[in-house]
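Data first, discussion second: the structure below is written as structure tokens.
Computed over heavy atoms, backbone and side chain alike; hydrogens, waters and symmetry mates excluded. Note that this is a predicted model, so its numbers are computed, not measured. Chain identifiers are assigned alphabetically (A, B, ...) following the order of the sequence lines, protein sequences preceding nucleic acid strands; residue numbering begins at 1 within each chain.
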Number of protein chains: 2
Amino acid sequence: MVKRPADPANGSAPAARQVPMRDFSRSLPMSLLRAREAVMRQFRPSLREHGLTEQQWRILRALAAIEAVEVTELARTAFLLGPSLSRILRDLEARHLVERKTAKADQRRSMVSISKEGVKLMASVAPTSEAIYAEITRRFGARKLAELQDMLGALEQSLAELGGAEEASSEE
Amino acid sequence: MVKRPADPANGSAPAARQVPMRDFSRSLPMSLLRAREAVMRQFRPSLREHGLTEQQWRILRALAAIEAVEVTELARTAFLLGPSLSRILRDLEARHLVERKTAKADQRRSMVSISKEGVKLMASVAPTSEAIYAEITRRFGARKLAELQDMLGALEQSLAELGGAEEASSEE
DNA sequence: GGGAGATACTTAACATGTTAAGTGAATGCG
DNA sequence: CGCATTCACTTAACATGTTAAGTATCTCCC
């Protein structure tokens with residue numbers, strides 16, 4: 001707790017304060033990151049008790065709403081990159097929480113679905129999860145929450161057209 | 001592009017549609033995640049061209065504003081966990097982008113500062129970075145952006161008091 | 001002044017993010 | 001038909017997220 005007074009005379013003077021930029025802590029990415037972390041911090045303990053990570057939970061939730069999906073489609077729904085999903089599915093399958101079988105019409109595709117055990121696990125997690133979400137909603141305000149979600153959606157839209165990778169010029 | 005018609009008669013019926021929950025894609029964590037990803041997708045290519053990851057850039061930015069900081073304080077500013085920061089600092093130091101020296105008064109602490117090379121690198125990245133940020137602001141609207149940041153801050157506040165880990169009961 | 005406990009990191013171990021490459025299976029077209 | 005492309009994943013490799021241990025210092029109090 002002894003807040004030491006910085007001591008700038010600590011040797012040679014470092015080369016700082018020379019590139020003026022927006023206050024870092026108020027940048028949009030940081031705001032979004034902190035907000036999301038604040039939210040997830042509420043859920044993680046509960047998920048952890050049930051042996052699930054955030055991403056595994058996302059996958060189960062995505063699967064719970066449908067009969068079966070292709071891996072690629074699931075990746076889009078759960079917002080995971082292919083490689084991550086590939087690994088996680090391997091593990092979830094080993095734990096018998098999801099099932100997978102190759103599509104008959106196209107041997108490249110595999111259809112993924114949640115298993116009975118998976119459903120059971122979800123049922124045991126969902127109540128707590130919903131309760132936490134409800135508490136968050138209560139604290140922040142349902143109206144404000146809806147408003148926030150709208151703005152986030154609008155932000156996504158604004159940047160969707162912008163693509164996001166075509167501007168490299170000097171290398172390759 | 002051949003949108004296959006789901007084919008639910010693909011064998012045994014999977015066990016889905018039994019745990020009703022909010023529409024997954026509209027959950028707050030997902031909204032925040034997607035929004036943040038949409039934003040970062042704009043910055044990553046530019047950072048990558050300069051051989052920096054998002055987190056490395058965060059660290060440099062945090063350091064640019066001050067003379068020197070303790071690692072713990074830097075972790076808070078750059079919003080990184082200790083272990084991540086420890087690894088990244090090791091690498092940034094090896095690349096001579098940051099400097100580190102143990103505090104004289106307390107051998108446990110080390111003071112981190114950005115190097116001249118680090119400043120130079122920042123100077124070469126900052127313009128593009130600022131331009132991208134400006135474009136995002138233009139597209140989404142400066143007013144809405146400020147409003148969004150306010151809401152995100154408010155959300156953090158709402159959940160700050162809630163702590164975020166004291167509710168485990170059955171284990172340990 | 002010496003040992004218990006708190007501090008400030010660092011390591012370790014495992015899971016995911018991210019990009020690139022690899023693999024086997026469809027497709028298109030000459 | 002035959003083969004180059006495209007597709008739908010999976011592997012690989014490296015960086016970070018996340019939690020738990022480990023290590024060296026410091027502090028405090030008897």
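Between B:F79 atom CZ and D:dT18 atom C1' the separation is 13 Å, expressed in whole Å. We find that CZ of A:R58 is positioned 10 Å from C1' of C:dT16, with the value rounded to whole Å. With rounding to whole Å, A:I59 atom CD1 is found 13 Å from C:dA15 atom P. Rounded to whole Å, the distance from CE on B:M40 to P on D:dT16 is 13 Å. Summarising the geometry, the separation between CG on A:L80 and C1' on C:dT18 is reported as 13 Å, rounded to the nearest angstrom. Atom-to-atom, CD of B:E73 to P of C:dT7 comes out at 16 Å; the value is rounded to the nearest Å. Atom CG in B:L81 sits roughly 14 Å away from atom P in C:dT10 (whole-Å rounding). If you take CZ of B:R44 and C1' of D:dC14, they are 15 Å apart, rounded to a whole angstrom.
Contact between A:F79 and B:M30 at its shortest, heavy atoms only, is CB-CE, 3.5 Å. Minimum interatomic distance between B:Q42 and B:A38 (heavy atoms only, all atoms of both residues): NE2-O, 3.2 Å.
Looking at residues two or more places apart in sequence or on another chain, you find no side-chain hydrogen bond (donor to acceptor under 3.5 Å, both in side chains) involving A:R90. Shown here are the side-chain hydrogen bond (donor to acceptor under 3.5 Å, both in side chains) partners of B:E93, two or more places apart in sequence or in another chain: B:R100. Residues forming a side-chain hydrogen bond (donor to acceptor under 3.5 Å, both in side chains) with B:E37 (at least two apart in sequence, or on another chain): B:R44. For B:S84, the side-chain hydrogen bond (donor to acceptor under 3.5 Å, both in side chains) test picks out B:R87, with sequence neighbours left out.
When the side-chain nitrogen and oxygen atoms of A:R100 are compared with OP1 and OP2 of D:dT10, one or more of them lie within a distance under 4.0 Å. Within the structure, every side-chain polar atom (N or O) of B:Q55 is placed at least 4.0 Å from both OP1 and OP2 of C:dG17. Of the side-chain N and O atoms in B:R48, one or more sit less than 4.0 angstrom from OP1 or OP2 of C:dA20. For D:dA8, neither phosphate oxygen OP1 nor OP2 lies less than 4.0 angstrom from any side-chain nitrogen or oxygen of A:T72. The side chain of B:R108 places no N or O atom within less than 4.0 Å of a non-bridging phosphate oxygen (OP1 or OP2) of C:dT7. Between A:T53 and D:dT18, a side-chain N or O to OP1/OP2 separation shorter than 4.0 Å is absent. An OP1 or OP2 oxygen of C:dT16 is reached within less than 4.0 angstrom by a side-chain nitrogen or oxygen of A:Q56.
Near-neighbour residues of DNA chain D inside residues 83-91 of chain B, defined by a heavy atom below 4.0 Å, number-ordered: B:P83, B:S84, B:R87, B:I88.
Among C:dT10, D:dC9, C:dT18, the nucleotide with an atom closest to any side-chain atom of A:V71 is D:dC9.
Taking a pair as Watson-Crick or G-U wobble with both distances under 3.5 Å, the runs of three or more consecutive pairs in DNA chain D are C:1-30 with D:1-30.
Residue-to-nucleotide proximity on DNA chain D shows that, of A:S110 and B:Q107, the 5′-proximal contact is made by A:S110.
At distances below 3.5 Å, not a single donor-acceptor pair connects side-chain atoms of B:Y133 with backbone N or O atoms of A:S27. Between the side chain of A:S110 and the main chain of A:T102, no donor-acceptor pair closer than 3.5 Å is present. Of the possible polar contacts, none joining the A:S129 side chain to the A:V125 backbone as a donor-acceptor pair under 3.5 Å is found. With A:R58 contributing its side chain and A:A78 its backbone, the two residues share a donor-acceptor pair below 3.5 Å.
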